Asks: 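Mind looking over this structure? Questions follow.
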Number of protein chains: 2
Amino acid sequence: MTKMTSLKGVKTLPLNTILDGDCIDMMNSLPAESVDLIFADPPYNLQLKGDLHRPDNSRVDAVDDHWDQFSSFAAYDAFTRDWLAAARRLLKPNGAIWVIGSYHNIFRVGTALQDAGYWILNDVVWRKSNPMPNFRGKRFTNAHETMIWASKSEGAKYTFNYEALKSLNEGIQMRSDWVLPICNGGERLKDANGEKAHPTQKPEALLHRVLVGATNPGDVVLDPFFGTGTTGAVAKMLGRDWIGIEREAAYRTVAQKRIDNIRKFDKSALEVSQSKRAEPRVPFGQVVERGMLRPGEMLTSATGKTAKVRADGTLVGNDVKGSIHQVGAHLEGAPSCNGWTYWHFKREGKIVPIDVLRQQIRAEMRET
Amino acid sequence: MTKMTSLKGVKTLPLNTILDGDCIDMMNSLPAESVDLIFADPPYNLQLKGDLHRPDNSRVDAVDDHWDQFSSFAAYDAFTRDWLAAARRLLKPNGAIWVIGSYHNIFRVGTALQDAGYWILNDVVWRKSNPMPNFRGKRFTNAHETMIWASKSEGAKYTFNYEALKSLNEGIQMRSDWVLPICNGGERLKDANGEKAHPTQKPEALLHRVLVGATNPGDVVLDPFFGTGTTGAVAKMLGRDWIGIEREAAYRTVAQKRIDNIRKFDKSALEVSQSKRAEPRVPFGQVVERGMLRPGEMLTSATGKTAKVRADGTLVGNDVKGSIHQVGAHLEGAPSCNGWTYWHFKREGKIVPIDVLRQQIRAEMRET
DNA sequence: TAATGACTTGAATCTCACG
DNA sequence: ACGTGAGATTCAAGTCATT
């Protein structure tokens, strides 16, 4: 089960294991810049006062665990700053973090993230399709939680599988609000007494979307507040390596058992839709070299512009010479232009974008 | 038009007027504990860098106004602390505040609210039905903004018209996520040149819900960042008194004209807050995320075709990858195909169309 | 007149490999 | 590190002209 990766010949990363201990100490014991993604579900600091009862007088099983108790905002802030600093040290330069919280703590977490040098990419709202109602009728149904997605620093090249998420959303760009049910039913883990094993178990669907969108197979995902191990379970399914940190023995036991029973999806199922950026670059000159278009041949645009192909893979149109992109941009008076989709040629009576020639070359490249 | 209320015989409250000046100075000039509700739409501190163009090369008209520029988070925090302190002094003991923002600023606002002694009651997410997309495919569509609702202090007896909001929501308890369109069309105010009068005008439907839920007729509502006066317009319609503070003369002019033309209980303002009830679109990806089908699982068609489910909610069948609809259409050589009824899976020995899974998800969504 | 389609627009921290 | 240039990238509603 445990896979160890040597790092700089000194420290090793305890992949696919649950570490026992305080998350700050444990993170500080791991090698710097070794983790691709951190998913964190820290204590919410709920500050609940007494018991809450439903209209039928049944008692709501609230989060009143000792690990959720802080003496003040200052104490919570100090804790937050410390674990965020330890987490940031662990992240690779292009790594990223997701933190989930509610209005009790998420504003303090967000401020601490920004102050620590993280760069917020989005806040994402998990809109619960089946939240607990507000029994007293004194506030709105608390029907959502907030996740913050941030890169290690401004300008970092974070992972974002745009096309895969677009596919998950049936061809439409994924939005910052996600509608998903809370974790209950068979997915909700129970302890020996049949009670819920953890008060705030997150749904696997949530982690599925986070990990498909923000990691690639083989990436290392760390969860410093592992709980019952939803992060590890989904990471294993999706062929990502994971590390969990959890102080409470009871949670570790449940999580380990849960993850042992998970099977990885087969490799072909893990391939996701790729963006065009991942495709190899094909210079337009290759199209000419291979004789797919001849020097002197005329290209046309949907807007009625024309240009002539030259032997070196440049175009000339309206006295302007340059790349397919430059000439297209100039003729349209536009700041930029994708010449591959802008320019067309005639083949067997039909008007075809030159991009089909690039696709043909790419197909030939794959065959070899 | 202007109604003056004597307060403690010393200072008077300039009801139903727009005050010209810096919001902190102006608030400090008003009598303490005189206002029932504050609605604030402060600068977001967007920190935009260069220009952004749409894929069709048109330029996005960004928020680059001088009033949104701050030199650092520290400067923004200082500004936030100052105006929140002035606002808190103005509030009656049982008064409340609403602040709207995005991930750029809302975490700092929330932290400052808590530090100033306000007590957060809910964060409310405005889910935009028609947000601007992410044009570069590098992040999620920024499809929501966050509002924080807080009382002046813990234990205060804030106003909450539970039943009125429940009625607005077709008899169901109002949730913390509100789906409303952005402000455009006829409601969007234009200047003399036909350009938008203000870059960030909020929809009246949003203020309608806030004021119906958190004030009573005759209450005093103050907006320290009045802009084009949406808060005043809706307050007037709903029979609340209002005070606006705005530095920019151009905005004051537009706002005054707008409000002068408002009649109380304008019926059209009520109509915009009604949401449409359509069968919600369910992406096939949700079926995978929720574990109803697993990546790697095989689907079959009545015509004997098969395809494999992938982690991003696409299928692969006969070397073709794509949505459930695309792969079905390809395998049948058809121009289109309804994948929901075309594809089947096996459950307890029976062959079932995947559409039953979609119906299951819709049923869960309706449970709320 | 109603339907259709082209065009416009919205609080946006919006590219990246290569030399 | 920094400049250069290839080339990838959008959804829902509104207005307005045309059929």
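Atom set for the values below is all heavy atoms of this structure, side chains included, hydrogens, waters and symmetry mates excluded. Below, chains carry the letters A, B, ... as their sequence lines are ordered, and counting in each starts from 1. Every value quoted in this text rests on a predicted model; they were computed, and no experiment measured them.
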Asks: Which residue, R175(A) or N57(B), contacts DNA chain D at a nucleotide closer to its 5' end, judged by nearest heavy atom?
Replies: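 The residue whose closest nucleotide sits nearer the 5' end is N57(B).
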Asks: When rounded to the nearest Å, what value does the distance between P atoms of dT15(D) and dA11(C) take?
Replies: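 Between the two P atoms, the distance is 16 Å.
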Asks: Considering only side-chain heavy atoms of Q47(B), which listed nucleotide, dA11(C), dT13(C), dA12(C), is closest?
Replies: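 Nearest nucleotide to the side chain: dT13(C).
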Asks: In terms of side-chain heavy atoms of W67(B), which of dG7(D), dA11(C), dA12(C) is nearest?
Replies: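 The nucleotide sitting nearest to the side chain is dA11(C).
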Asks: Mind checking the C1' distance from dT1(C) to dA17(D)? Whole angstroms is fine.
Replies: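 Here dT1(C) and dA17(D) have their C1' atoms 15 Å from each other.
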Asks: Should we say atom NZ of K92(A) is surrounded by more than 12 heavy atoms from elsewhere, each under 6.0 Å from it?
Replies: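 Yes, NZ of K92(A) has more than 12 neighbouring heavy atoms, counting only those of other groups under 6.0 Å.
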Asks: Atom CG of D123(A) to atom C1' of dA12(C): distance rounded to whole Å?
Replies: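 It works out to 13 Å between those atoms.
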Asks: Which of parallel (below 30°), tilted (30 to 60°) and perpendicular (above 60°) describes F225(B) and W83(B)?
Replies: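 Perpendicular, since the angle between the ring planes exceeds 60°.
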Asks: Before accepting this row, confirm whether a basic side-chain N of the pair R108(B)/D115(A) lies closer than 4.0 Å to the acidic partner's carboxylate O.
Replies: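 Yes, R108(B) and D115(A) are salt-bridged.
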Asks: Give N338(A) one of three labels, base, sugar-phosphate or nothing, depending on what nucleic acid heavy atoms sit under 4.0 Å from its own.
Replies: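 The residue N338(A) makes base contact.
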Asks: Under 4.0 Å between any heavy atoms, over every strand shown, what does Q326(A) touch: base, sugar-phosphate, or nothing? Just pick one.
Replies: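 The residue Q326(A) makes sugar-phosphate contact but no base contact.
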Asks: Within the structure shown, what part of the strands sits under 4.0 Å from K166(A) by heavy-atom distance: base, sugar-phosphate, or nothing?
Replies: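 Sugar-phosphate contact only.
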Asks: Select base, sugar-phosphate, or nothing to describe what G194(B) touches, counting heavy atoms under 4.0 Å on all strands.
Replies: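 Nothing, no nucleic acid heavy atom in range.
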Asks: May I ask you to evaluate whether K196(B) reaches the phosphate of dG10(C), defined as a side-chain N or O under 4.0 Å from OP1 or OP2?
Replies: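 Affirmative; the distance criterion is met.
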Asks: Just checking K49(B): base, sugar-phosphate only, or nothing, at a heavy-atom cut-off of under 4.0 Å?
Replies: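 It contacts nothing in the nucleic acid.
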Asks: E163(A): what forms a side-chain hydrogen bond (donor to acceptor under 3.5 Å, both in side chains) with it, not counting sequence neighbours?
Replies: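 E163(A) satisfies side-chain hydrogen bond (donor to acceptor under 3.5 Å, both in side chains) with no other residue.
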Asks: Rounded to whole angstrom, note down the P distance from dG19(C) over to dG7(D).
Replies: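 That atom pair is separated by 14 Å.
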Asks: For atom P, what is the distance between dC16(C) and dT10(D), given to the nearest Å?
Replies: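 Roughly 15 Å separates the two P atoms.
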Asks: Answer with base, sugar-phosphate or nothing: what part of the nucleic acid does P283(A) contact at a heavy-atom distance below 4.0 Å?
Replies: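 Since no nucleic acid heavy atom lies under 4.0 Å of P283(A), the category is nothing.
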Asks: Between F140(B) and W178(A) (judged by ring centroids, cut-off 6.0 Å), do the two rings come close enough to count as a pair?
Replies: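 F140(B) vs W178(A): aromatic centres under 6.0 Å.
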Asks: With the side chain of N184(B) defined as its heavy atoms from C-beta on, choose the nearest nucleotide among dG7(D), dA11(C), dG14(D).
Replies: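 The closest nucleotide is dG14(D).
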Asks: Output the rounded distance in Å from CH2 (W343(A)) to C1' (dG7(D)).
Replies: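 To the nearest whole Å, that distance equals 15 Å.
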Asks: With hydrogens left out and only the distance checked, is there a donor-acceptor pair under 3.5 Å joining S336(A)'s side chain and the base of dA8(D)?
Replies: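 Looking at the base of dA8(D), it does pair with a donor or acceptor on the side chain of S336(A) (distance under 3.5 Å).
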Asks: Across the strands shown, which category fits W119(A) at heavy-atom distances under 4.0 angstrom: base, sugar-phosphate, nothing?
Replies: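 Base contact.
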Asks: Looking across every strand, which nucleic acid part, if any, lies under 4.0 Å from E279(A) by heavy atom: base, sugar-phosphate, or nothing?
Replies: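 Nothing: the residue E279(A), judged by heavy atoms under 4.0 Å, touches no strand.
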Asks: For a quick check of understanding: with a heavy-atom distance under 4.0 Å over all strands, which category does S323(A) fall into, base, sugar-phosphate or nothing?
Replies: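 The residue S323(A) makes sugar-phosphate contact but no base contact.
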Asks: Determine, using ring centers only, whether W67(B) and H198(B) are less than 6.0 Å apart.
Replies: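 Yes; W67(B) has its ring centre under 6.0 Å from that of H198(B).
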Asks: Below 3.5 Å is the cut-off: list the nitrogen or oxygen pairs between protein and nucleotides 15-19 of chain C, distance only.
Replies:
residue, atom, partner, partner atom, Å
dT15(C), OP2, R136(B), NH1, 3.2
dT15(C), O3', K138(B), NZ, 3.4
dC16(C), OP1, K138(B), NZ, 2.5

Asks: What contact category does I172(A) fall into here, base, sugar-phosphate, or nothing, at under 4.0 angstrom with non-hydrogen atoms?
Replies: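 It contacts sugar-phosphate atoms only.
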Asks: Which pair of heavy atoms, one from D65(B) and one from P199(B), lies closest together, and at what distance?
Replies: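 Heavy atoms only, the tightest pair is OD1-CG, 3.5 Å.
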Asks: Hey, does P280(A) reach any base, or is it just sugar-phosphate, or nothing, if we go heavy atoms under 4.0 Å?
Replies: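 Result for P280(A) = nothing.
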Asks: Where the side chain of P133(B) is defined as all heavy atoms beyond and including C-beta, which of dT9(D), dA11(C), dT10(D) is the nearest nucleotide?
Replies: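 The closest nucleotide is dT10(D).
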Asks: Just the dot-bracket of DNA chain C, please: which string comes out with Watson-Crick or G-U pairs under 3.5 Å, [ ] for crossing, | for another strand?
Replies: .|||||||||....|||||
Asks: When you compare dA8(D) with dT13(C), how far apart are their P atoms, in angstrom units rounded to a whole number?
Replies: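 The same atom, P, in both gives a distance of 23 Å.
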Asks: Taking the six-membered ring for Trp, are Y251(B) and F226(B) closer than 6.0 Å centroid to centroid?
Replies: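 No, the ring centres sit 6.0 Å or more apart.
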Asks: Decide, for dT13(C), between syn and anti: a glycosidic angle within 90° of 0 counts as syn, anything else as anti.
Replies: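 dT13(C): syn glycosidic orientation.
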Asks: Please verify the inter-ring angle class for F160(A) with W149(A); under 30° counts as parallel, over 60° as perpendicular, anything in between as tilted.
Replies: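 Taking W149(A) first and then F160(A), their aromatic rings sit tilted (interplane angle of 30° to 60°).
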Asks: Under 4.0 Å, heavy atoms only, any strand: does C183(B) hit a base, just the sugar-phosphate, or nothing?
Replies: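 It contacts nothing in the nucleic acid.
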Asks: For K49(B), does the NZ atom have more than 12 heavy-atom neighbours from other residues, nucleotides or ligands under 6.0 Å away?
Replies: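 Above 12, so yes.
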Asks: In terms of heavy-atom contacts, does NZ of K321(B) have more than 12 from other residues, nucleotides or ligands at under 6.0 Å?
Replies: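 Result for NZ/K321(B): open.
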Asks: Between F135(B) and dC14(C), do the rings stack, that is, sit under 5.5 Å apart with planes less than 30° off each other?
Replies: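 Stack criterion not met.
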Asks: Looking for any heavy atom pair under 4.0 Å, which part of the strands does N45(B) touch: base, sugar-phosphate only, or nothing?
Replies: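 It contacts nothing in the nucleic acid.
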Asks: With a 4.0 Å cut-off on N to O distance, would you call D177(A) and R175(A) a salt bridge?
Replies: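 Looking at D177(A) and R175(A), the cut-off is met.
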Asks: What nucleic acid atoms does D41(B) come within less than 4.0 Å of, heavy atoms only: base, sugar-phosphate, or nothing?
Replies: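 Base, at least one base atom sits under 4.0 Å.
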Asks: Which whole-number value in Å describes the distance from D56(B) CG to dT10(D) C1'?
Replies: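 In whole Å, dT10(D) C1' and D56(B) CG are 9 Å from each other.
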